[in-house]
Amino acid sequence: MNGVLLAILFLFLPASSVADDLFDIKPVADGVYAAIAKPTYKVNCNAAIIFLDDVVLVVDTHSKPSAARALIEQIKKLTPKPVKFVVNTHFHWDHYQGNEAYPSSWPAGVEIISSEATRTSIEQRGIPRVKHEILTMPAEIEQLRADLHKASTPEQRASIQKDISEAEGYLAELKSMQITLPTMTFDHSLILHRKSRTVEILWLGRAHTDGDVFVFLPKEKVLVTGDALHGWTPYMGDSYPYDWIKTLDVAEKLDFDYVIAGHGDVMRDKQKFELWKQYFGDLLEQTAAAYADGATLDQAKKRVSDYLISKYADRFDPNFPKSVGSNVVKAYQVTAFAP
Ligand SMILES: [Zn+2]
């Protein structure tokens, strides 16, 4: 095919197949971008991209080095400046497993910043999790293959086939992953004072994990929240629910107009802060009441889930009814096992 024909074809291809970018880049302020992750089989978190005079700071690195490398290619289209700082908002796999891509792309020096608690958790829990997943992924892939046999429509087949190839790619990456720990840690705050802007990296209390940090741009009024607040249903497995409400209270008092969250779209108001605080409050109160009434874990799960679904399902994402049960389990454990 000659070049002209190729160029014409390229013009008429739908945008999604022209580029296999993994992120939608959205400008939020001058030199500040949200990289909103597109859906993949192994979820990628969003990133924030912040220009700092002659260098770039990126918040979070997704679930695998190839995703971080894909974002690096997109960053290179925005600016020739090197990435000098990477922030891990917390220790969850889908926020740090791509770390190695940054020092390998800019060997001259990248600082990976996190709270002290997050670095410890990556070391103590992140590394065993990668090893565990290397052992469990083959069974997950076998299950997908079994699902493929049962698929009844071409669309289902295509979607499962895509999942299988992504799962296989992910497993291959896990096997060669060089777990890259943060190189710079702090306990409460780390502030970068640059000519063009100030970046405050803040630990405001325990929340989604014990080490969550927020990245705050006071001049641009932008707050990056990781998973302490986002557009999906909160995952509470490693959380401190009572502290989480207090931490959101503190974060909400910062002066910001835009939120770049760990998942979901950019937010332009503080509505979600109110929603999450109210949801956690109800979850804890209803679960404690069920426990006080003598409910077993299963009984509490049913009773409180029903209550929360009727009150909140239309205010969270469509997965809420599926996810709420595990939140009740967490609340029950917190209630029953509180010291
Ligand atoms: Zn998380």
Side-chain angles (χ1 to χ4, degrees), residues 23 34-37 39-48 58-64 67-68 71 86-99 112-130 132-133 170 174 179-182 185 201-215 223-245 247-248 251 259-267 272-273 275-277 279-280 283 316-317 319-320 322-327 329-331 333-334:
F23 302 88
I36 304 297
T40 51
Y41 178 68
K42 287 289 173 185
V43 65
N44 283 318
C45 68
N46 296 334
V58 174
V59 182
D60 280 340
T61 68
H62 328 295
S63 54
K64 45 200 168 296
L71 183 64
V86 171
V87 176
N88 290 141
T89 56
H90 63 294
F91 80 94
H92 281 157
W93 64 283
D94 56 323
H95 293 255
Y96 90 88
Q97 283 186 179
N99 277 2
I112 302 177
I113 302 168
S114 78
S115 64
E116 191 66 46
T118 289
R119 189 183 191 281
T120 303
S121 292
I122 293 174
E123 222 176 354
Q124 293 177 346
R125 301 177 60 189
I127 294 173
R129 189 186 187 282
V130 169
H132 182 82
E133 216 178 9
Y170 179 66
L174 284 177
I179 303 274
T180 304
L181 293 169
T185 61
I201 308 169
L202 308 168
W203 181 87
L204 300 174
R206 299 191 300 186
H208 172 68
T209 68
D210 58 353
D212 303 80
V213 296
F214 294 80
V215 178
L223 185 66
V224 187
T225 54
D227 285 357
L229 182 101
H230 57 62
W232 299 353
T233 304
Y235 169 74
M236 300 182 71
D238 297 309
S239 72
Y240 298 82
Y242 287 102
D243 299 37
W244 200 342
I245 296 171
T247 302
L248 286 178
V259 176
I260 302 174
H263 302 281
D265 212 347
V266 177
M267 296 178 233
K272 274 260 153 50
F273 283 80
L275 174 65
W276 281 39
K277 286 191 298 181
Y279 169 68
F280 293 143
L283 166 71
F316 282 99
D317 67 303
N319 280 325
F320 181 80
K322 263 196 290 176
S323 319
V324 72
S326 60
N327 288 353
V329 171
K330 175 72 187 186
Q333 287 165 346
V334 168

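Each ligand, and each atom within it, is numbered from 1 in the order the structure gives. Everything numeric in this text was worked out from a predicted model, so none of it was measured.
Around the Zn ion (ligand 1), protein atoms of type N, O or S found under 2.8 Å number 4.
Aromatic pair His95/His208: ring centres not closer than 6.0 Å. Not less than 6.0 angstrom separates the ring centroid of His230 from the ring centroid of Tyr235.
Sorted by first and then second residue, the salt bridge (Lys or Arg N to Asp or Glu O under 4.0 Å) pairs involving residues 88-98 (not counting sequence neighbours) form an empty list.
Annotation: ring pair (Phe, Tyr, Trp, His ring centres under 6.0 Å) contacts of Phe320 (sequence neighbours excluded): Tyr279, Phe316. Checked against ring pair (Phe, Tyr, Trp, His ring centres under 6.0 Å), Trp93 has no partners two or more places apart in sequence or in another chain.
Under the 3.5 Å distance criterion, with hydrogens and angles disregarded, a donor-acceptor pair is assigned to the side chains of Thr118 and Ser115.
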